[in-house]
Amino acid sequence: MTLFAIALLVVPLATTDDDGGVGGADIVVGSDGTTLTITGTQEQPGTSTDDSTSDRGDADPPADPSRRTPSDLCSPLGSRVGNCATAPVLPTVGVVPSITISDLEQFAPQATTTAAEPGDIGIAGMPTNFIAVAAEQTRTGTILGVPITVRFTPVAYDYRYGDGSTATLDAAGQTWAMLDQAQFTPTPTSHTYRNRGTFLADVDVRYTAEVDLGSGWFPIDGQLTTDGPAREIRILEARTALVAHTCLEHPAAAGC
């Protein structure tokens with residue numbers, strides 16, 4: 001009878017004992033010495049060895065934080081991925097303050113001083129031409145700690161002539177020379193005083209406003225008005241007379 005020696009090298013499937021517990025293996029050698037059966041279980045990350053999970057249908061097993069895989073990460077939008085479900089996490093958006101036209105008073109343009117020609121002097125019964133210089137202006141600053149740029153555009157001019165008359169005009173006015181007109185002729189911004197005297201005239205300029213918080217311009221409801229300072233306008237009385245000489249030739253002549 002010839003004896004054969006069979007050497008078997010058994011490598012455990014896990015680092016636990018070989019008594020058939022979870023993560024180990026059972027080794028059974030056949031009675032005839034020719035067969036070898038290895039049985040056991042191996043636990044995979046994210047799975048459970050509890051047989052009761054098979055009775056729960058498609059329910060997800062409890063999550064083990066120590067056994068997370070990349071597929072088990074929580075979605076930033078709150079959708080379910082693996083064993084994790086979270087509430088939506090929205091992107092952080094800058095807070096835009098609610099701005100009204102009164103909030104922009106701190107950025108208001110300087111008041112406009114009116115002028116009358118010729119030389120703030122007029123003739124009673126004849127047009128006096130008024131000019132108010134105002135233009136689009138841009139200011140920068142902060143509101144509630146938020147950087148802001150404000151753009152003002154003049155849209156109307158409220159004149160008070162000092163004789164009880166007022167007018168709201170949509171133009172700043174131009175000189176007679178710019179209009180290519182003779183002095184004491186009517187213009188869109190002229191006013192005729194009926195009597196001689198000194199009058200305090202002023203103009204209030206109304207502006208619309210737009211603001212930019214870093215993402216483009218948007219308009220603000222309402223208008224901002226600047227109160228212009230008063231300016232003295234002297235209105236003289238014109239007299240006519242027939243003379244033989246000019247005032248330069250005869251300064252003491254009538255009307256000189």
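No hydrogens, no waters, no symmetry mates; every other heavy atom, side chains included, goes into these values. Because the structure is a prediction, the values reported are computed rather than measured.
- With respect to D120 and R231, a salt bridge is recorded, a charged nitrogen being found less than 4.0 Å from a carboxylate O.
- Heavy-atom minimum distance, I101 versus I220: N-CG2, 3.6 Å.
- One hydrophobic cluster holds both I99 and F152 under the rule that ILVMFWY side chains link at heavy-atom gaps under 4.5 Å.
- Hydrophobic clustering (side-chain heavy atoms under 4.5 Å, transitive across Ile, Leu, Val, Met, Phe, Trp, Tyr) keeps L200 apart from Y193.
- Atom-to-atom distance recorded for S102:OG and L224:CG is 9.0 Å, nearest 0.5 angstrom.
- Between S190 and N129, the side chains place no donor N or O within less than 3.5 Å of an acceptor N or O (distance only, hydrogens not considered).
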Start with the C-alpha distance between D202 and D227, add both sets of side-chain angles, then the distance that settles side chain to side chain contact (heavy atoms under 4.5 Å, CB included), and finish with yes or no. CA-CA 8 Å; D202 70 277; D227 187 4; 4.2 Å; yes

Can you list the steps and then say if T208 with E210 is a side chain to side chain contact (heavy atoms under 4.5 Å, CB included)? CA-CA 7 Å; T208 58; E210 301 168 278; over 6 Å; no

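- Annotation for F107 and I148: closest pair CZ-CG2, 3.9 Å, computed over non-hydrogen atoms.
- Shown here for T185 and W176, the closest heavy-atom pair between the two residues is O-NE1, 2.9 Å.
- Using a cut-off of 4.0 Å between Lys/Arg side-chain N and Asp/Glu carboxylate O, D170 and R206 are scored as not salt-bridged.
- Inter-residue side-chain proximity for V211 and T149 is flagged as unmet; no heavy-atom pair is nearer than 4.5 Å.
- Counting non-hydrogen atoms of other residues, nucleotides and ligands closer than 6.0 Å to CD of Q110 gives a total of 12 or fewer.
- Residues R196 and A124 come closest through the heavy atom pair N-CB, 4.0 Å.
- At least one side-chain heavy atom of T175 sits under 4.5 Å from a side-chain heavy atom of E117.
- Rounding to the nearest 0.5 angstrom, the gap separating the CZ atom in R151 from the OG1 atom in T140 is 14.0 Å.
- Taking the side chain as every heavy atom from C-beta outward, P127 and H191 never approach each other to under 4.5 Å.
- Ring centroid separation for the pair Y161 and F199 does not come in under the 6.0 Å cut-off.
- Cluster annotation: V205 is not connected to V133 through the hydrophobic network of ILVMFWY side chains, with a link wherever side-chain heavy atoms come within less than 4.5 Å.
- Environment of CZ in R234: sparse, with no more than 12 heavy atoms of neighbouring residues, nucleotides or ligands closer than 6.0 Å.
- Using a 4.5 Å heavy-atom cutoff, the side chains of Y159 and L169 are in contact.
- Of all heavy-atom pairs spanning T128 and A116, the tightest one is CG2-CB, 3.7 Å.
- A donor-acceptor pair is defined here as one N or O able to donate and one able to accept, closer than 3.5 Å; such a pair exists between the side chain of Q181 and the backbone of P186.
- D204 and T225 share no donor-acceptor pair across their side chains, judged by distance under 3.5 Å alone.
- More than 12 non-hydrogen atoms from other residues, nucleotides or ligands lie less than 6.0 angstrom from CD of Q106.
- If you take CG on D158 and CZ on R160, they are separated by 7.5 Å, rounding to the nearest 0.5 Å.
- Residues F184 and P118 are in side-chain contact: their nearest non-hydrogen atoms beyond the backbone lie under 4.5 Å apart.
- Side-chain atoms of T189 come within 3.5 Å of backbone N or O of F130 as a donor-acceptor pair.
- Cluster membership check: W217 does not share its hydrophobic cluster with V150, using side-chain heavy-atom separations under 4.5 Å among Ile, Leu, Val, Met, Phe, Trp and Tyr.
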I'd like to know whether I235 forms a side chain to side chain contact (heavy atoms under 4.5 Å, CB included) with T198, so could you lay out the CA-CA distance, the side-chain angles of the two residues, the decisive distance to 0.1 Å, and finally the verdict. CA-CA 6 Å; I235 302 300; T198 299; over 6 Å; no

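- M126 and I121 end up in the same hydrophobic cluster when Ile, Leu, Val, Met, Phe, Trp and Tyr side chains are linked at under 4.5 Å.
- Within the 3.5 Å criterion, the main-chain N or O of G145 finds no donor-acceptor partner in the side chain of T142.
- A distance of 10.0 Å separates CG of D212 from OG1 of T138, quoted to the nearest 0.5 Å.
- The side-chain heavy atoms of Y207 and T153, taken from C-beta on, include no pair separated by under 4.5 Å.
- Counting heavy atoms from C-beta outward, Q223 and V155 have side chains that approach closer than 4.5 Å.
- Summarising the geometry, atom CG belonging to D163 is positioned 10.0 Å from atom OG1 belonging to T192; distances are rounded to the nearest 0.5 Å.
- Here the straight-line distance linking atom OH of Y157 with atom OG1 of T114 works out to 11.0 Å at 0.5 Å rounding.
- Residues A132 and V203 come closest through the heavy atom pair CB-CG1, 3.8 Å.
- At a threshold of 4.5 Å between non-hydrogen side-chain atoms, the residues L104 and I143 count as touching.
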